[in-house]
Amino acid sequence: MAITPDLKDWTWVLERPCPECGFDADSLTPHGVAERVDAALPRWDAVLGRGDVCARPDESTWSPLEYACHVRDVFELFRLRLGLMLAEDGARFDDWDQDATALEKDYARADPETVRVQLAEQGARARDAFASVPEDAFSRRGLRSNGSAFTVVTLARYFLHDVEHHLHDVAG
């Protein structure tokens with residue numbers, strides 16, 4: 001059975017805590033996000049070392065490996081989006097279909113050791129990008145293709161929720 005696409009607009013996590021994972025975006029800066037990414041990287045490494053990393057809990061839920069592939073790609077995507085926001089006034093982001101990406105990159109058949117290295121590299125690059133944002137750039141703006149508007153601060157918070165929420169998804 002195919003994975004059911006997640007069509008939710010998760011930007012609401014910028015306004016209230018996530019009842020599923022407990023994430024609370026309030027008061028996080030890009031620098032605080034970088035610190036929490038740094039804390040999440042060893043946890044993702046541990047997930048990729050688990051014996052059940054390739055096993056889906058059910059037919060309609062990604063395996064821990066598939067979630068790790070997704071997070072690896074989220075690290076890269078948001079680092080690039082942050083770069084656009086810092087380089088361009090009113091940056092616009094192309095649509096990203098996470099479910100199409102999972103199929104195109106064949107997340108389910110990825111090599112866990114390769115993903116482990118890639119996730120660590122992309123995570124470190126994203127961490128460093130958010131850590132290096134100057135405070136006078138926190139209010140720079142960007143716009144997602146569906147119309148969702150972000151500042152550098154809200155982009156950082158939204159990004160971190162994805163990283164931490166999926167750790168909650170794979171807890172076991």
Side-chain angles (χ1 to χ4, degrees), residues 3 6 8-57 61-86 93 96 98-99 101-102 105 107-108 110-133 135 137-138 142 144 148 150-172:
I3 301 293
D6 182 359
K8 292 183 218 161
D9 180 355
W10 285 89
T11 55
W12 59 264
V13 301
L14 298 172
E15 300 165 4
R16 61 186 184 277
C18 179
E20 291 178 41
C21 71
F23 179 84
D24 187 351
D26 194 37
S27 78
L28 280 170
T29 68
H31 304 146
V33 166
E35 291 171 6
R36 286 181 51 176
V37 167
D38 198 48
L41 289 173
R43 295 175 62 201
W44 276 109
D45 188 66
V47 166
L48 285 159
R50 290 182 2 198
D52 70 343
V53 72
C54 297
R56 285 184 171 175
T61 304
W62 277 349
S63 69
L65 174 62
E66 290 167 290
Y67 276 114
C69 288
H70 170 71
V71 169
R72 172 204 59 205
D73 292 347
V74 163
F75 282 142
E76 181 180 25
L77 177 73
F78 279 83
R79 179 181 54 79
L80 294 172
R81 287 182 173 181
L82 173 63
L84 279 174
M85 291 177 78
L86 296 175
F93 313 134
W96 183 56
Q98 65 187 18
D99 299 297
T101 301
K105 292 188 175 184
Y107 286 0
D111 174 60
E113 287 305 312
T114 300
V115 174
R116 190 181 224 166
V117 170
Q118 294 168 338
L119 186 142
E121 289 173 354
Q122 290 297 337
R125 292 176 77 187
R127 175 201 61 215
D128 294 348
F130 282 102
S132 68
V133 174
E135 286 188 35
F138 283 7
R144 198 166 63 183
S148 295
F150 293 91
T151 64
V152 167
V153 169
T154 59
L155 182 85
R157 293 171 178 176
Y158 181 71
F159 152 75
L160 183 63
H161 174 255
D162 210 308
V163 173
E164 292 186 357
H165 188 96
H166 293 315
L167 277 168
H168 170 78
D169 287 333
V170 300

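Position 1 is the first residue of the sequence; numbering continues from there.
A donor-acceptor contact closer than 3.5 angstrom is absent between the side chains of Arg81 and Tyr158.
Met85 is listed as a side-chain neighbour of Phe93, based on a closest heavy-atom distance under 4.5 Å. Looking at heavy atoms from C-beta onward, Thr11 lies in side-chain contact with Arg144 at the 4.5 angstrom threshold. Using a 4.5 Å heavy-atom threshold, the side chains of Glu66 and Cys69 count as separate. Residues His166 and Asp169 meet the side-chain proximity criterion, which asks for heavy atoms closer than 4.5 Å.
If you take CZ on Arg125 and CD on Glu76, they are separated by 7.0 Å, rounding to the nearest 0.5 Å. Interatomic distance, Asp111 CG to Arg116 CZ, rounded to the nearest 0.5 Å: 10.5 Å. Separation of atoms CG (Asp24) and CD (Glu164) is listed at 11.0 Å; rounding is to 0.5 Å. Separation of atoms NE2 (His165) and CG (Leu160) is listed at 12.5 Å; rounding is to 0.5 Å. To the nearest 0.5 Å, atom OG of residue Ser148 and atom CG of residue Leu14 are 9.0 Å apart. Within the model, atoms SG of Cys21 and CG of Asp162 stand 10.0 Å from one another, a figure rounded to the nearest 0.5 Å.
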Check your understanding: side-chain contact (heavy atoms from CB on, under 4.5 Å) between Val153 and Leu28: does it pass, once the steps are laid out?
Key -> CA-CA 8 Å; Val153 169; Leu28 280 170; over 6 Å; no
Check your understanding: Yes or no on side-chain contact (heavy atoms from CB on, under 4.5 Å) for Val170 and Trp62, after CA distance, side-chain angles and deciding distance?
Key -> CA-CA 9 Å; Val170 300; Trp62 277 349; over 6 Å; no
Exercise for review: Please report the C-alpha distance between Phe75 and Leu119 in whole Å, then the side-chain angles of each, then the deciding distance to 0.1 Å, and finally whether the side-chain contact (heavy atoms from CB on, under 4.5 Å) criterion is met.
Suggested key: CA-CA 8 Å; Phe75 282 142; Leu119 186 142; 4.0 Å; yes
Point to revise | Candidate pair Tyr107 and Asp73, rule side-chain contact (heavy atoms from CB on, under 4.5 Å), full reasoning | key: CA-CA 11 Å; Tyr107 286 0; Asp73 292 347; 2.5 Å; yes
Point to revise | ring-ring contact (aromatic ring centres under 6.0 Å, His included) between His70 and Trp44, intermediate numbers included | key: CA-CA 12 Å; His70 170 71; Trp44 276 109; 9.2 Å; no
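Of all heavy-atom pairs spanning Leu65 and Pro112, the tightest one is CD1-CA, 3.9 Å. Ser63 approaches Arg56 most closely through the heavy-atom pair N-CG, 3.7 Å. Here the shortest heavy-atom pairing between Val53 and Val47 reads CG2-O, 3.6 Å. Residues Leu41 and Ala124 share a closest heavy-atom pair of CD1-N, 4.0 Å. Among all heavy-atom pairs drawn from Cys18 and Val13, the shortest one is CB-CG1, 4.4 Å. Contact record, Ala126 with Arg79: N-CD, 4.0 Å, taken as the closest heavy-atom pair.
Phe159 pairs in a ring-ring contact (aromatic ring centres under 6.0 Å, His included) with only one of the listed residues (Phe23, Phe78, Phe150), which is Phe78.
Asp52 places no side-chain N or O within 3.5 Å of a backbone atom of Ala55 that could act as its donor or acceptor partner. A donor-acceptor pair under 3.5 Å is formed between the side chain of Arg157 and the backbone N or O of Ala25.
The distance between the ring centers of His168 and Tyr67 does not fall below 6.0 angstrom.
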